[in-house]
Amino acid sequence: MRIDILTLFPDMCRSVYEESIIGRAKNKGILEIFSHNIRDFSTDKHRRVDDTPYGGGMGMLMQAQPIYDCYKYVCEQTGKKPYVIYLSPQGKVFSQDKAKELAHYENLILLCGHYEGIDERVLSEIVDEEISIGDYVLTGGELPALVVTDAVGRMIDGVLPNEEAFSCESIYNGLLEHPQYTKPYEWNGKTVPEVLISGHHANIEKWKREQSLRVTFNKRPELLETAELTNNDRKILDKIKNE
């Protein structure tokens, strides 16, 4: 997979995606990630990429031309039109299901806005989808773009050791993850649940499922409305509700 981030702050993006699991996958050639400075495509001698909005209003708007030329540059490199996402508070809120969906694309462009937004004409020309990472305001689209890059990138074959590394995590299967423990066995007077050191795999899996349901019920009960639940899951939830 190739991901191209169109931004005014390419170094900010590189400082994140060059590190940790995504950085190692990039260095191994499993992922291709590039950040492009939109200013490099400005025709203004001072490399300006913004101007005042028609009709008045606060702040400045990013101009269409530098963004479009940056986009065309990426298209020339990939040999086709990538799927273009504009990181915007007006988009649908990002989710694990969306990350799974985007992981099937060969090429993604993530467009980062700034100031008061972007000239609508270039958005309607190149953008396939708008995505938000939450109902709050940030200073730019870089952090959302990096969130999408990380969530999608780790879904690609070879980035994590195996599918289980992500398929058992919170949200992936609709529920939150069960509590986890590591050495030492006792810390601050608290011990690891006995079932986890019993060696009885069936009981351990049963405990994990029940704890996952319990954590989801207590912290994010709305997830239970869409989670795939068995009849036994529903019996466990009824017990939890009556405690």
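We use all heavy atoms of the structure for the numbers below, so side chains are in, but hydrogens, waters and symmetry mates are not. Source: prediction; values computed, not measured.
- The heavy-atom pair separating S88 from S132 by the smallest distance is O-CB, 3.2 Å.
- The two atoms that bring I156 and M1 nearest to each other are CD1-SD, 3.9 Å, heavy atoms only.
- Across all non-hydrogen atoms, the minimal contact from C13 to E142 is SG-CG, 3.8 Å.
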Q: List the steps, then state whether side chain to side chain contact (heavy atoms under 4.5 Å, CB included) holds for Y115 with L61.
A: CA-CA 6 Å; Y115 312 120; L61 284 179; over 6 Å; no
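- Within 6.0 Å of CD on E186 lie more than 12 heavy atoms contributed by other residues, nucleotides or ligands.
- Between E210 and K239, at least one side-chain N (NZ, or NE/NH1/NH2) sits under 4.0 Å from a carboxylate O, which counts as a salt bridge.
- Applying the side-chain contact (heavy atoms from CB on, under 4.5 Å) rule to K219 yields the partners L176, V215; only residues at least two apart in sequence or on another chain are considered.
- For the pair E205 and R209, the salt-bridge criterion is not met [side-chain N within less than 4.0 Å of a carboxylate O].
- Counted within 6.0 Å of NZ on K92, heavy atoms from surrounding residues, nucleotides or ligands total 12 or fewer; the atom is thus considered open.
- Using a 4.0 Å cut-off between a side-chain N of Lys or Arg and a carboxylate O of Asp or Glu, R14 and D11 qualify as a salt bridge.
- When the shell of 6.0 Å around CG of N231 is examined, it contains 12 or fewer heavy atoms from other residues, nucleotides or ligands.
- Ring-plane geometry between Y73 and H36 is classed as perpendicular, the angle between the planes exceeding 60 degrees on a 0 to 90 degree scale with a lower cut at 30.
- Of the possible donor and acceptor atoms, none in the side chain of S212 sits under 3.5 Å from a partner among the backbone N and O of K208.
- No donor-acceptor pair closer than 3.5 Å links the side chain of S20 to the backbone N or O of I22.
- You'll find the side chain of V74 stays beyond 4.5 Å of the side chain of N107, heavy atoms only.
- Salt bridge annotation for K26-E18: present, with a cationic side-chain nitrogen under 4.0 angstrom from a carboxylate oxygen.
- Note that CD1 of I126 and OH of Y86 are 10.5 Å apart. Values are rounded to the nearest 0.5 Å.
- A chain of hydrophobic side-chain contacts below 4.5 Å, direct or via other Ile, Leu, Val, Met, Phe, Trp or Tyr residues, connects V147 to I109.
- Applying the side-chain hydrogen bond (donor to acceptor under 3.5 Å, both in side chains) test to pairs two or more places apart or on separate chains, those with a residue in residues 47-58 are D40-R47.
- F34 belongs to no multi-residue hydrophobic cluster, having no ILVMFWY side-chain contact under 4.5 Å with any other such residue.
- A donor-acceptor pair under 3.5 Å is absent between the side-chain atoms of S42 and the main chain of R39, judged by distance alone.
- Contact record, L8 with V49: CD2-CG2, 3.8 Å, taken as the closest heavy-atom pair.
- Between L108 atom CG and I85 atom CD1 the span is 5.0 Å, to the nearest 0.5 Å.
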Q.
Set out, in order, the CA-CA distance, both residues' side-chain angles and the distance that settles side chain to side chain contact (heavy atoms under 4.5 Å, CB included) for L111 and I67, then state yes or no.
A. CA-CA 9 Å; L111 173 59; I67 293 171; 3.9 Å; yes
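- Of all heavy-atom pairs between P184 and V192, the closest is O-CG2, 4.4 Å.
- Counting only distance, with no hydrogens or angles, the side chain of H114 and the backbone of T139 share a donor-acceptor pair below 3.5 Å.
- Residues D233 and K235 are not paired through a salt bridge, judged by the lack of any N-O separation under 4.0 Å between the basic side chain and the carboxylate.
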**Q.** Evaluation steps, side chain to side chain donor-acceptor pair (under 3.5 Å), between T191 and Y181
**A.** CA-CA 9 Å; T191 59; Y181 303 85; over 6 Å; no
Q: Show the numbers, then the answer: is there a side chain to side chain contact (heavy atoms under 4.5 Å, CB included) between K80 and E106?
A: CA-CA 10 Å; K80 57 185 176 182; E106 186 176 346; 2.8 Å; yes
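- Within 6.0 Å of atom CG in D135, 12 or fewer heavy atoms from other residues, nucleotides or ligands are found, so the atom counts as exposed in its surroundings.
- Heavy-atom minimum distance, P53 versus G57: CG-O, 4.1 Å.
- Remark: R220 engages E222 in a salt bridge, criterion side-chain N to carboxylate O under 4.0 Å.
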Q. Does the side chain to side chain contact (heavy atoms under 4.5 Å, CB included) test come out yes or no for L229 and R234, once each step is laid out?
A. CA-CA 7 Å; L229 302 176; R234 293 185 175 88; 4.1 Å; yes
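- With salt bridges taken as basic N to acidic carboxylate O contacts below 4.0 Å, none links K72 and D69.
- Both L87 and Y68 belong to a single network of hydrophobic side chains, linked directly or stepwise wherever heavy atoms of I, L, V, M, F, W or Y lie under 4.5 Å apart.
- Residues Y105 and L102 have side chains in contact (heavy-atom distance under 4.5 Å, counting atoms from C-beta outward).
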